[in-house]
Each structure stands twice: as C-alpha cells, then as structure tokens.
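Before any comments, here is the structure.
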Amino acid sequence: MSIVCVEDYEPLARERLPAAVWDYIEGGAGAELTLHANREAFDRISIRPRVLVDVSRCDTATTVLGSPLRSPVIVAPTAFHGQVHDDAEPATARGTAAAGSLFVVSTMSSRPLADIAAAAAGPLWFQLYLLRDRGVVVDMVTRADAAGFSGLVLTVDTPRLGRRLRDERNSYVVNAGASPANVRAGLPVSLHERQEGISGLAATARDIFDQTLTWADLAWLRELTDMPLLLKGIVTAPDAALAVEHGVDGIIVSNHGGRQLDGGIASLRALPDVVGAVAGRCPVLVDGGVRRGRDVFIALALGADAVLVGRPVLWGLAVGGADGVEHVLSMLTDDLEHTMALAGRPSVADIGRDAVD
Ligand SMILES: Cc1cc2nc3c(=O)[nH]c(=O)nc-3n(C[C@H](O)[C@H](O)[C@H](O)COP(=O)(O)O)c2cc1C
C-alpha cells in the first residue's frame, strides 16, 4: 500500500520497533488526556476558505530567527534516536536538511553534537535540559556553539519527568547503544538498568535535572552563549510576558506532546493567549499534535510563526531513516501548500486570524 499522508507511517513504525520503545514514543503522561487534547484542538477548528484568488503559485517559505525554511515546519527535539534507527540523529539531520527544515537536537541525543552537525546541511538548534551539574551544561552549550548550532532551546516544562504509566509498567530503560552521547559525566545506572515498576528515564531525570530552575537562571544561560534563546513549554499569558521581559528571542508553546502535566491545556488552545501577551515582540512557535497541512495552516492562522513536529519524524526515521524523515516533512509541506490553495491564501503572510473559525 502506498504511503500518502504522515499518519500512514504510524502503523509501519509500530511494526518495526520493540513494544516498549513504541510505548515510550507514543505515550503521554497519566491518563493521556493532554496527549489526546492536543489533536482534538486541531480537529475542532474550521477553515474559512476565500475564493477567486490566484493560487497558481502558493509559497510555503518562511524565515524563523534568521533561518530560511521551505515551510514553517520544524523538527521538535526528541530523545534517543538511536533507539529508533541505527543511524540515529545524523540520519534525522540529513533528512531534515533535505526537506529544507530545521532540526532541534535534544540534550538526550544518542550521538555527539559534532557528528550531527557534520551530517546536517541545514540549520540546527540545541535543546537544553538544565542539569544540576552546571559543568556538563557549559560543556554541551560550548560544543553546540562550536559545532555551528544557531539557537538554544531551554525546555521549561520538565523540572521532573511526567508520570508516563506505559513506561512504568514496562520498566522502560534506554538501550546502551542509544545512550545520551552529550551528557558525558554522571549518568546514573538507572537509565539502563531495569527496575520493576519504575521508568529508568524518570529515575534518571530525578537524579540529574535541576528542579530549582527559575527565571533568575536565564541570565546565567545568556552569559554562556550568543545563540538566540527560546523557551519551550510556555502555555500561559503571564509566563509569556515574563519570558519577553527576560529578553528571550522566541517562545515555543508546548506541553511536551502531552508527556508532562496530564490535564494540562492543549497547545493550540494556549496559543492565542501567548500570542496576545507577546504582541509581536518575538517569534511564537507551537507543537503538539501537528499531523497534517491543515494543522500547520490553523496554527499559523492563530498567530504561530512556525510549528514543530515530534512523533511523526520518529515514525519516518524508524521506517526509512533519513529518507523517511525527509518524506514526512515534505508531505507536511505539500499538504500545507494544498490547503493554502484551496483556502485561497497563497502565501504564509496571507494566513491571518480571519482564515479560521
Ligand atoms: C519520544 C519523545 C521524546 C521527546 N524528547 C524530548 C526532549 O528530549 N526534549 C524536549 O524538550 N522535548 C522532548 N519531547 C517533546 C517534543 O519536543 C514535542 O514537544 C512533542 O513531541 C510535540 O508533540 P507531537 O509528538 O504530537 O508532535 C519528546 C517527545 C517524544 C514523543
């Protein structure tokens, strides 16, 4: 059977991956309310098409923080690509660049930042979890800088890991070949050693993540690098306003794909409030549940500058390596272009608030 849309990759990826890895990727926290709410929020919105507009040429291109992109679709940071494909993050980097997109590399990537950068012919940002061991943080950010990364994304919704019940039931651990290559010092054995009823990843996060992180720490990060700083995991207007006051260069509206606070607000529902509070002072991106061109269109109409996609990229990587990643991203771009044509909005700038209901 032909693959004709992003979601066609989902069952194919499931066939290829061990059950516990599949659960780790697909699952959310708790009862997975937020995981499902993310998708439902998109499905509840309707598009208001305009007609008799020349759509013979629809242009999906945009620029985010200086990076020209083929479309406003970016690869979200996801951990441990070595569990999904032997070529791991370098394959994701190749596929992302081939699709004209940007790859946000996770703190928990399975391969060294320099190797990922060597494989990438396109822009990269580095996603940071603030670890208690600031020496490791300095080392990672310095290496990202040296490798030419052009953005630093601090994830702020993960002082500890959400309770992912699938992982607890599976006593999920990360296999040694997929181990985080950039968190060099002090990885606890819990990441790899199975213990009944405990997710190894949650235990590891408990041991190494800095739960004392506050707004005051942003100044320290700023001193460390000239890379633009984005905060990932903002879902309220007051936090968006604080982020802008603290001089961040971008905001990513996200609930971590429903993997952190179960019952937390769907990202798309949070987007308009954040956009209102930011009032154009920095780019606003959003992720969580983006699977179709119409989803990208809706996010733009509600004020996002771009979207990020997480799980679908992993499905593509599992099934086809770099080619699978490229295919997933290209299908999203093509589907966005198609939606723009039928909605009578031939450029990204034409997708305003009046385009959706
Ligand atoms: C398997 C997996 C691993 C993830 N790892 C990270 C991570 O290391 N850092 C991070 O900031 N977000 C991480 N996320 C969250 C994603 O960046 C993103 O917010 C989310 O996947 C978007 O939702 P979507 O999967 O529905 O597109 C992860 C998500 C998944 C599915």
Side-chain angles (χ1 to χ4, degrees), residues 6-7 9-10 13 17 20-29 32 34-43 73-85 88-89 92 102-110 125-131 140 151-159 161-162 164 166-167 172 174 178 180-183 191 199 201-202 204-205 208-209 230-235 251-261 264 266-268 270-271 285-292 295-296 299 304 306-318 328-329 332:
V6 167
E7 283 152 312
Y9 269 103
E10 191 172 12
L17 294 172
V21 172
W22 179 252
D23 275 344
Y24 165 67
I25 290 172
E26 289 295 280
E32 303 189 336
T34 300
L35 174 70
H36 296 299
N38 277 347
R39 271 257 20 102
E40 285 157 15
F42 281 104
D43 291 347
V73 177
I74 286 174
V75 174
T78 54
F80 314 124
H81 290 198
Q83 293 199 121
V84 175
H85 194 282
E89 284 83 4
T92 313
L102 182 155
F103 178 22
V104 188
V105 177
S106 167
T107 289
M108 298 293 174
S109 56
S110 307
W125 292 347
F126 177 58
Q127 176 269 327
L128 180 69
Y129 285 123
L130 203 83
L131 307 180
M140 288 193 295
L152 182 64
V153 175
L154 178 69
T155 297
V156 293
D157 59 13
T158 311
L161 222 63
R164 303 168 189 171
R166 300 193 203 199
D167 296 347
Y172 166 73
V174 176
N182 301 290
V183 187
L191 189 60
S199 149
L201 193 55
T204 300
I208 69 172
F209 286 10
L230 298 94
L231 299 187
K232 173 172 181 280
I234 301 276
V235 289
I251 288 177
I252 302 177
V253 179
S254 172
N255 51 37
H256 218 110
R259 298 160 75 81
Q260 285 299 109
L261 174 65
S267 314
L268 190 72
L271 176 64
L285 284 58
V286 64
D287 74 17
V290 174
R291 303 291 179 265
R292 304 164 197 157
D295 301 338
V296 184
V307 303
L308 295 82
V309 282
R311 295 176 181 86
V313 171
L314 296 176
W315 305 336
L317 181 65
V328 162
L329 294 169
L332 275 171

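Atoms within each ligand, like the ligands themselves, are counted from 1 in listed order.
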Worksheet item: Do NZ/NE/NH1/NH2 and the carboxylate oxygens of D43 and R292 come within less than 4.0 Å?
Response: yes
Practice prompt. Please check if the side chain of N255 supplies one atom and the backbone of Q260 the other of a donor-acceptor pair under 3.5 Å.
Written response: no
Worksheet item: Can an N or O of R259 be found at a distance shorter than 3.5 Å from an N or O of ligand 1?
Response: no
Worksheet entry | Numbering as shown, the atoms of ligand 1 that approach G288 to under 4.0 Å (heavy-atom distance) | 22 (C), 23 (O), 26 (O)
Item to complete: Would you mind checking which non-hydrogen protein atom is closest to atom 15 (C) of ligand 1, with the distance to 0.1 Å?
Response: H256 CD2, 3.4 Å
Worksheet item: Looking just at side-chain N and O atoms, do Q127 and T155 make a donor-acceptor pair shorter than 3.5 Å?
Response: yes
Worksheet item: Which is it for T155 and ligand 1 at heavy atoms under 4.0 Å: side chain, backbone, both or neither?
Response: side chain
Discussion item. Quick check for you: to the nearest 0.5 Å, what is the distance between L261 atom CG and D157 atom CG?
Written reply: 9.5 Å
Discussion item. Please list the nearest protein heavy atom to atom 19 (O) of ligand 1 with its residue and the distance rounded to 0.1 Å.
Written reply: D287 OD2, 2.7 Å
Discussion item. Any salt bridge linking E32 with R166? Criterion: basic side-chain nitrogen under 4.0 Å from a carboxylate oxygen.
Written reply: yes
Response to the item:
for atom 21 (O) of ligand 1, nearest protein heavy atom and its distance come out as G310 CA, 3.7 Å
Item to complete: Tell me which protein heavy atom sits closest to atom 12 (N) of ligand 1, plus the residue, atom name and distance to 0.1 Å.
Response: K232 NZ, 2.9 Å
Discussion item. For L314, which part has a heavy atom under 4.0 Å from ligand 1: side chain, backbone, both, or neither?
Written reply: side chain
Worksheet item: Where does the angle between the aromatic ring planes of Y24 and F80 fall among parallel (under 30°), tilted (30 to 60°) and perpendicular (over 60°)?
Response: tilted
Item to complete: Decide side-chain contact (heavy atoms from CB on, under 4.5 Å) for I25 and L17; before the verdict, give the C-alpha distance in whole Å, the side-chain angles of both, and the deciding distance to 0.1 Å.
Response: CA-CA 10 Å; I25 290 172; L17 294 172; 3.9 Å; yes
Worksheet item: Under 3.5 Å between some N or O of ligand 1 and some N or O of G289?
Response: yes
Practice prompt. Starting from atom 4 (C) of ligand 1, locate the nearest protein heavy atom and write down its residue, its atom name and how far away it is, to 0.1 Å.
Written response: T78 CA, 3.5 Å
Worksheet entry | Taking atom 9 (N) of ligand 1 as the reference point, the nearest protein heavy atom with its distance | Y129 OH, 2.9 Å
Worksheet item: Mind checking whether T158 has a heavy atom under 4.0 Å from ligand 1?
Response: no
Worksheet item: So does D23 pair up with R164, basic N to acidic O under 4.0 Å?
Response: no
Discussion item. Could you check whether any heavy atom of F80 sits closer than 4.0 Å to an atom of ligand 1, since that is the contact criterion I want to use?
Written reply: no
Worksheet item: Looking only at heavy atoms, is any part of Q127 under 4.0 Å from ligand 1, and if so is it the side chain, the backbone, or both, or is it neither?
Response: side chain
Worksheet item: Side chains of V75 and L308: closer than 4.5 Å at any heavy-atom pair?
Response: no
Discussion item. If you measure every N or O of A79 against every N or O of ligand 1, does any of those distances drop under 3.5 Å?
Written reply: yes
Worksheet entry | Positive for side chain to side chain contact (heavy atoms under 4.5 Å, CB included) with V313, one of T78, L329, L332, V73 | L329
Response to the item:
Counting from 1 in the order shown, the ligand 1 atoms closer than 4.0 Å to a non-hydrogen atom of S254 are 19 (O)
Discussion item. Rounded to the nearest 0.5 Å, what separates atom CE in M108 from atom OG1 in T204?
Written reply: 7.5 Å
Worksheet item: Are T107 and ligand 1 in contact, using a heavy-atom cut-off of under 4.0 Å?
Response: no
Worksheet item: When you measure from the side chain of T107 to the backbone N and O of Y129, does any donor-acceptor pair fall under 3.5 Å?
Response: yes
Discussion item. Test of understanding: given a 4.0 Å heavy-atom threshold, classify the contact between P77 and ligand 1 as side chain, backbone, both, or neither.
Written reply: both
Fill in: side-chain hydrogen bond (donor to acceptor under 3.5 Å, both in side chains) assessment of S109 paired with N182
CA-CA 7 Å; S109 56; N182 301 290; 2.9 Å; yes
Worksheet item: Of all the heavy atoms in N38, does at least one lie under 4.0 Å from an atom in ligand 1?
Response: no
Discussion item. I'd like to check whether S106 has a polar contact with ligand 1, where a contact means an N/O of the residue lying under 3.5 Å from an N/O of the ligand.
Written reply: yes
Worksheet item: Does R291 approach ligand 1 within less than 4.0 angstrom via side chain, backbone, both or neither, non-hydrogen atoms only?
Response: side chain
Discussion item. For E26, which part has a heavy atom under 4.0 Å from ligand 1: side chain, backbone, both, or neither?
Written reply: neither
Worksheet entry | Atoms in ligand 1 flagged as close to I25, the criterion being non-hydrogen separation under 4.0 Å | 1 (C), 31 (C)
Worksheet item: Does the side chain of T158 come within less than 4.5 Å of F209's, by heavy atoms?
Response: yes
